Amino acid sequence: MHTEFHKGGVRRNSIRFLQSLISRPEFGPFVLLVLEIVVFTARSPAFISPGNISNLLAFTPELGMISLGMTLLMVSGEFDLSVGSVFGFAPIVMWTFYNTHTTSLEIGFLVAMLISAVIGFVNGWFVTKLKIPSFLVTLGMLLVVRGTALYITDGFPQRTWTSDSLLMRVIVGEFRLADLRIYTSLLWFIFFAIILGYVLAGSKAGNWILASGGNPEAARARGVRVTRTKMTLFILTALISAYAGITSSIRVSAANPNSGTGYELEVIAMVVIGGTALSGGRGTIVGTVLGVLILRMMRNGIVLIGVPGLAYNIFIGGIILGMMALHSWLERRHRTGT
Amino acid sequence: MSDELVRMERINKFFGRVQALSDVTLAVRRKEIVGLLGDNGAGKSTLIKILSGALRADTGDIYLRGNRVDIRNTTDAMAYGIETIYQDSALVTELSIARNVFLGREPVKNPRWLNRLDQRLMSEVARESLRKAGITKEIPPTTPISALSGGERQAVAIARAMHFESDLIILDEPTNNLGVEETKGVLRFVRSARDSGHSCIFIAHNIYHVFQVVDRIIILRRGKKVADDIDPKRTTIEAVEELITGLEINKGV
Amino acid sequence: MPNKFRLLMPILGTMAALAMPIAGLAEGAKPIYYWISHGSPTDPVWTYFLQGAEQWGKDMGADVRTSFHSGDVPSQQEAVRAAISAKARGIVTSTPDPGSLTKVIAEAHAAGIPVVIMNTEDKTSGRDAYVGGDNVAIGRRWAQYLVDHNFVKKGDFVWMPVEVPGATYQVLETQGIDSVFKPLGITYEITEAKLDQAEIISRMSDYLTANKSKIKAIIGLGDLVTGSIKRVFDQVGVKAGEIPVVGWGNSLETAQEVLDGYVNAAMWQDPQATSYMALSLASMIAGGIPPGFDISVGTLYEKDKAGTYLKIMQGAKEHK
C-alpha cells in the first residue's frame, strides 16, 4: 500500500511537471522541432549524420545571432528590416579597409562595428525621436545601407583572405569535437544566447524591455527610460548583425555586397515562430533559438531529402502560417481562459 | 505652514491659445485627503499631470515641504514621493504582478553590475502589499496582469503606491469601471492611507465616493479654482454640485 | 491541454503529407546527384537549366536533387555539404562568387565526390570540370560586335543594365567588355534593374528616358534585362533598331526581340545542354574517367538564326 501511494505521488508530480511544460509558450515550437527531426531522419538517415550536423551548425549561428538581437528589439515593440543589409555591409567595410591597405584587419573590424553602431543609432533616433514607425525607418535604412555597399564596391565582391589572423580564429575558427566540425561562431552564438536570455528574463534591463513593448506609456509613467531602452536595442541589433555578417564572410570566404539579402524576413520569421509577439511585450530567447533551429533545419532538410528546388518556399511559408495559427489560438485561449 | 506637504503656486498652463489653468494655487497638508472636483475640461487632469510630472506648467512653482522643486518628468515626481494612480492603472498587462509593482524601481541583487532582478524579494513584497491593499484572494505574484479583473488591477496599482511609501498618492478616477465590492476596497484604502501617514489627492466623477472619504474638497471650474476649503461634513452634495457647474454661483457667493 | 495537440496535429499532418510524395522520388537504389544553382528560381533561364537536369535524371534513371540559392553564399555552401552528407555520386553547381566554393569543393573531394561547375566558372576553385560559357569572352564578343558593326566609336557612351550588380556574370562580362572599350575610349555605365519584371521595366524606362540622346548602344548583361528591351523601347518611344542592342538571348522574349529587330545579336548559352553535359561529366568522373577538358558553350545569334532558338525554347516550354 505504502509503495503504491508513493507511486501515485510520483505520477501526479510528473503529470504536473508535464502540464507546466506544455503550458510554456515554447512548447509548440519544441514539438515542431522534434517532429521535424523525426520526419527528416526517417526520410534520409544522413540528416543526423555528423557531417550534416556539422553542416547545419555552420550557418545556423550567423542567422541565429541576428535573431537574438531581433528578439529583444521585437519584445520592446520595434523591429529592424535593415539587419540583412548590415549583414552584407559590415564585412564589405572591413575587407575594403584591409584590401586597400588602409588599416589592419583588426582596425577594419572595429571600424565596421562602429559604423554599424551608428546605423543602429540612426534607426533608433528616427523611431524614438521623430516617432516614425520602425517599419518605415528601417526599410529606408535597408535601402541606404544596401545601396552604399553596392556603391562603394561598384557591385564587385570584396576579396577575402584566409590568412590565419588571431581575430579570424577567434570569430570563426574551426575545431573538431568527436566527429563534428565546429566553428567558434557556434560558441559565440551560445554565449550570446545565454547572455541575452539572462538579460531578457532575469535582469532589470529585461523588465524595461518587456515593459517598453507591452505598454510604453505606462512604463514611461513609472520612470522606465523607454527611449533609451529602444535606442540601445537598435544599436545592439545592428552590432550583432554586423558581427554575424563578418563571421559569415570569413567562414564562406565571400564578401559580396548582396549578401544577407532577404535575411531580415527570415530572421523575423524565426523570432515569431519562437513565440515573440509582433506587437511586442512578450517573447523569450529559448523560443527564438527553437525558431532558428526549426527554420534552419527545414532549409537544410529540404535540400538534403531532395524536395524539388522550386517547391522549397512552400514548406517555409507553410510552417510560418501553421505556427502563427497555433500562436493566435494559444493567445485567444489565454485571454478567455482565466 | 509646517505641516504643509505640497503647494502648487499660481500655476498657468496653455494648450495653444486655450488656457487650461489660470493662476491655480493648491496645497495639501500631511495626512490629508483632498478631493479634487470639477466638470469635464475644468483642468483637474492637467493640474494633476503637472504635479505628477507628465506635463510641465507654463508658469508657477511647486513647493515640497516648503522647498521649491522642479518636477521635469514622472521619474522626478516619484523621487519626490509623489505617486499617481490613473484610471487605466498604467500597468503593463503582459508582465506579472511582481514585475509591475517594481516597474521602474526594480530591486537588484549583488553584485550590482550583473543587474540581476531580486525576483524572490519582488514576489514576497508583491504578495504582502496586495494583502495590505485589500485583496484577500490568493493570487500568485507571477500572474500576468492580463489575467486580473479591473479591481484587482487597481489593487496592484495601489499596492505599488503604498509599498514605495509615497508621501502623496494621487488617485485619478480610481473607481471608474469598478464593481461595488472593488470600489469599496479602493475607498477603504484611501481612508486607511491617512492612518499610515500618506496624503492623497482623490479625483472622481462620483461625488458620493469623494464625500465618503475626503477631509477637504477643492473645486475647479474652467481652469480656475472656485472653492478651496469645503468640509464634506458641513456641506451638502447639492451645494458642491452647484459650485462645480457654476449655475447657482451668484446666489452662493 | 489535449486541445493543444488537436491543433498541432493538423499542422504536423500537413507537413508529413507534404513530405510523402517527395519520399517516393527518393526511394530505391538510384544514384543520387545534386544540382545546386546559385541562380534565382524566378529567372526564366534557370528553368531551362533545370529542365536539362530533370531530363538527364529521367534519361539516366538517376535521382537528381535540385535547389536554388539566389546568390546566398552561406545557404549554397550548406547545400553542397548536405550533398556530401547524403553521399551523392556527383555534384553540379554554379559559382556565386569567385572563391566561395573552394572550401566545400575540397570537402567533396575528400569524400570522393566529383564537383562539376556549370554556367559560372571559378578556375581556382579546384572543380573537376567546367561546362558553360566563358563570361569574359562573351563580354568581349558583345563589345567587339558593336565595334565591328560600327555601332560605337571613340567617345561614345554605352549603357549596360544588369539585374543585380556584383553578380559574378556581371563582373566577368564587364571585364571582357572593358578590355575592348577602354583602349578605344568608349565609356559605359552599369545600372541596377532588379530581379522583378515590373521593376526592371520601370527602372530601365526611367534611365532610358533620361539618357536617350547620350546612349549609342546597349548591352544587356543579363537575360531579364535583355528580354525587357522591347517593352522598355515601346514605353519610352524608341523604335526597333534605333539604338543597337546586344546581350543575353536565353529567353523567348529576347529571341522574339531579335526576330523583330529590337535586339541586334543575342547570346545563347544552351542552358539545358549545359546542365545535361555537366551531370554527364559528373557521372563520368564518378565512374573513374578523368576529364582533361572543359565544355564551352555559347553562340551569338542574329535575326537569321533567332527562329531556331525560339523554337527550342517554345519546345522546352511545351515539353514541361
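The chains referred to below are lettered A, B, ... by the order of the sequence lines, with proteins before strands, and numbering in each begins at 1. Predicted, not measured: the structure shown is a model, and the values here were computed from it.
Heavy-atom distances place the side chain of E192(C), and not its backbone, under 4.5 Å from chain A. Interface residue S75(C): backbone and side-chain heavy atoms are both found under 4.5 Å from chain A. Heavy-atom distances place no part of F40(A) under 4.5 Å from chain C, backbone and side chain included. Contact of S44(A) with chain C is not made at all, since no heavy-atom distance falls under 4.5 Å. The parts of N52(A) that come within reach of chain C are both its backbone and its side chain, each placing non-hydrogen atoms under 4.5 angstrom from that chain.
Heavy-atom pairs under 4.5 Å with chain A were tallied for Q77(C), K87(C), E78(C), H69(C); the largest tally goes to E78(C). Top candidate by heavy-atom pairs under 4.5 Å with chain C, chosen from I53(A), L150(A), L321(A), is L150(A).
Between atom OG of residue S248(A) and atom CG of residue D72(C) there is a gap of 8.0 Å, rounded to the nearest 0.5 Å. Rounding to the nearest 0.5 angstrom, the gap separating the CD1 atom in I305(A) from the CG atom in D63(C) is 11.0 Å. Distance check: L56(A) CG to S85(C) OG gives 9.5 Å after rounding to the nearest 0.5 Å.
Other residues, nucleotides and ligands contribute over 12 non-hydrogen atoms within 6.0 Å of the CZ atom of F157(C). Other residues, nucleotides and ligands contribute more than 12 heavy atoms inside 6.0 Å of the CH2 atom of W159(C). For CZ of F175(A), the number of neighbouring non-hydrogen atoms (other residues, nucleotides, ligands) closer than 6.0 Å is greater than 12.
With sequence neighbours left out, E107(C) forms a salt bridge (charged side-chain N to carboxylate O under 4.0 Å, His left out) with R181(A), R81(C). Remark: N250(C) pairs with D223(C), Q269(C) by the side chain to side chain donor-acceptor pair (under 3.5 Å) rule, at least two apart or across chains.
The two residues V252(A) and P74(C) come nearest to each other via the heavy atoms CG1-CA, 4.0 Å. The shortest heavy-atom contact between G166(C) and N256(A) is O-ND2, 4.0 Å. Of all non-hydrogen atoms in A82(C) and L304(A), the two that sit nearest each other are O-CD1, 3.0 Å.
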